[in-house]
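Reviewing the structure listed below.
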Amino acid sequence: MAFIPFLSKKTSKDDLEIVRFVITKFGYRPKSLEIFREALTHKSLTNISGDASNERLEFLGDAVLDTVIAEMLYVKFPDEDEGYLTKIKSKIVNRKTLGSIGHDMQIGEILKYNKSRSIKIETIEGNAFEALIGAIYLDGGLESVKKSVNHHILRKYVNLNQTLVEEIDFKSKLFIWSQKNRLPINFEVVSEENNGNAWKYVIKVSINNQEYGMGTGSSKKIAEQEAAKETLELIGAL
């Protein structure tokens, strides 16, 4: 059992359960239990009890999580543009993924809600997950949230590589391959021409300074996709 030095003998069984849950699932030791009780109280119950629900904390947690994930991706993919980073971030912080995280954490077992009502449990588990992120932010600051997300949540509950693989573009898949094999990769514009009606771009891919695939297209993005596809075929990764 985790050592919890700040709790008194008067601490309730429910509070002990909350502390153990947050430490185990988030790697964070709560200071103020009140905010975590609120994070784990759904509005369906507050209509009866009159207690504060986790909706405000969910709002805060959503914004904080968005910032932390955005910074993580910014650092992890220094050569990617805003569109790519936005696309990957949306894969991680969308409703479906957050609901899955909350469900895998088994938040429903500790969440207080009106069980007599027909409620989609994964939805409120995802909302409670965001509320808990908001609670950690208020209780321990942004650095505590970063530590929890990067060292616990992403490692235990989010398969980032799988998320990247699920992207349909060949360039993403090629970057995953290069990172896995620790080989530098470069996309170079060989030529760009305008015949008066349209642009034509030619781009080549180099891996560890060795030339591989080439692609052409009416935009750099299309040419990159073609070059990445040919490269994946050449290295046997497609």
Side-chain angles (χ1 to χ4, degrees), residues 21-31 35-36 39-40 54 56-107 122-123 125-187 207 221 224-225 228 232 237:
F21 181 87
V22 176
I23 291 174
T24 302
K25 306 296 185 179
F26 291 83
Y28 177 77
R29 189 183 300 277
K31 301 181 184 74
I35 194 118
F36 287 92
L40 289 164
N54 61 10
R56 283 169 53 83
L57 283 171
E58 178 195 341
F59 164 79
L60 177 62
D62 175 73
V64 173
L65 186 63
D66 196 73
T67 299
V68 171
I69 295 297
E71 181 181 343
M72 180 274 292
L73 293 174
Y74 180 86
V75 172
K76 187 175 180 65
F77 301 106
D79 298 321
E80 292 295 344
D81 61 19
E82 178 265 349
Y84 177 85
L85 298 178
T86 298
K87 187 162 50 176
I88 299 301
K89 179 168 68 68
S90 69
K91 289 272 187 177
I92 298 174
V93 299
N94 63 35
R95 290 289 102 195
K96 182 179 178 181
T97 301
L98 296 181
S100 178
I101 293 172
H103 187 69
D104 291 344
M105 282 184 167
Q106 298 179 312
I107 289 180
E122 279 200 21
T123 298
E125 284 177 322
N127 295 343
F129 167 73
E130 288 186 305
L132 285 165
I133 291 292
I136 292 173
Y137 173 74
L138 291 179
D139 194 55
L142 186 60
E143 289 304 314
S144 293
V145 177
K146 289 181 183 179
K147 183 177 179 181
S148 177
V149 169
N150 291 315
H151 297 293
H152 292 271
I153 295 163
L154 288 178
R155 290 183 180 182
K156 293 180 180 179
Y157 306 104
V158 179
N159 188 333
L160 184 57
N161 284 336
Q162 182 62 36
T163 299
L164 295 174
V165 168
E166 288 173 356
E167 287 300 305
I168 61 172
D169 61 283
F170 298 110
K171 185 178 178 183
S172 296
K173 293 180 180 180
L174 186 56
F175 269 112
I176 293 167
W177 180 90
S178 69
Q179 290 175 354
K180 183 178 179 180
N181 291 276
R182 297 182 179 179
L183 292 172
I185 188 168
N186 182 56
F187 284 77
I207 300 176
K221 187 166 290 186
E224 285 176 344
Q225 289 296 319
L232 287 167

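Below, each value reflects all heavy atoms present in this structure, side chains not excepted, and no hydrogens, waters or symmetry copies.
- A salt bridge links Lys146 with Glu143: the closest approach of a Lys/Arg side-chain nitrogen to an acidic carboxylate oxygen falls below 4.0 angstrom.
- Counting non-hydrogen atoms of other residues, nucleotides and ligands closer than 6.0 Å to NZ of Lys147 gives a total of 12 or fewer.
- In this structure, the side chain of Ser144 does not engage the main chain of Ile136 through any donor-acceptor pair within 3.5 Å.
- The two residues Ser178 and Ile185 come nearest to each other via the heavy atoms OG-CG2, 3.7 Å.
- Under the 4.5 Å side-chain criterion, counting only non-hydrogen atoms from C-beta, Thr67 is not in contact with Tyr137.
- Closest of all the heavy-atom pairs between Phe129 and Gly102 is CB-CA, 4.5 Å.
- In this structure, Arg95 pairs ionically with Glu130, as a charged nitrogen and a carboxylate oxygen lie closer than 4.0 Å.
- Between Leu142 and Val68, the closest side-chain pair of non-hydrogen atoms falls below 4.5 Å.
- At a threshold of 4.5 Å between non-hydrogen side-chain atoms, the residues Ile107 and Ile101 do not count as touching.
- The local environment of NE2 in His152 is crowded, with over 12 non-hydrogen atoms from other residues, nucleotides or ligands closer than 6.0 Å.
- For Asn186, there are no side-chain hydrogen bond (donor to acceptor under 3.5 Å, both in side chains) partners two or more places apart in sequence or in a different chain.
- Contact check for Leu154 versus Met72: side-chain heavy atoms found under the 4.5 Å cut-off.
- Residues meeting the side-chain hydrogen bond (donor to acceptor under 3.5 Å, both in side chains) test with Asp139, sequence neighbours left out: Tyr28.
- The nearest pair of heavy atoms linking Ala135 to Ala39 is CB-CB, 4.1 Å.
- Within the 4.5 Å cutoff, side-chain heavy atoms of Lys25 are placed close to those of Gln106.
- Side chain of Glu58 to main chain of Ala131: no donor-acceptor pair is present (N/O by atom type, distance under 3.5 Å, no hydrogens or angles).
- Looking only at side-chain heavy atoms (C-beta outward), Ile133 and Ile153 come within less than 4.5 Å of each other.
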Report task. Could you check Leu57 against Leu138 for side chain to side chain contact (heavy atoms under 4.5 Å, CB included), going step by step and ending with a plain yes or no? Result -> CA-CA 9 Å; Leu57 283 171; Leu138 291 179; 3.7 Å; yes

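- Taking a 6.0 Å sphere around NZ of Lys96, one finds it holds 12 or fewer heavy atoms contributed by other residues, nucleotides or ligands.
- Considering only residues two or more places apart in sequence or on other chains, Thr123 meets the side-chain contact (heavy atoms from CB on, under 4.5 Å) condition with Lys120, Asn127.
- When atom types are taken as modelled, the side chain of Asn94 and the backbone of Ser90 share a donor-acceptor pair closer than 3.5 angstrom.
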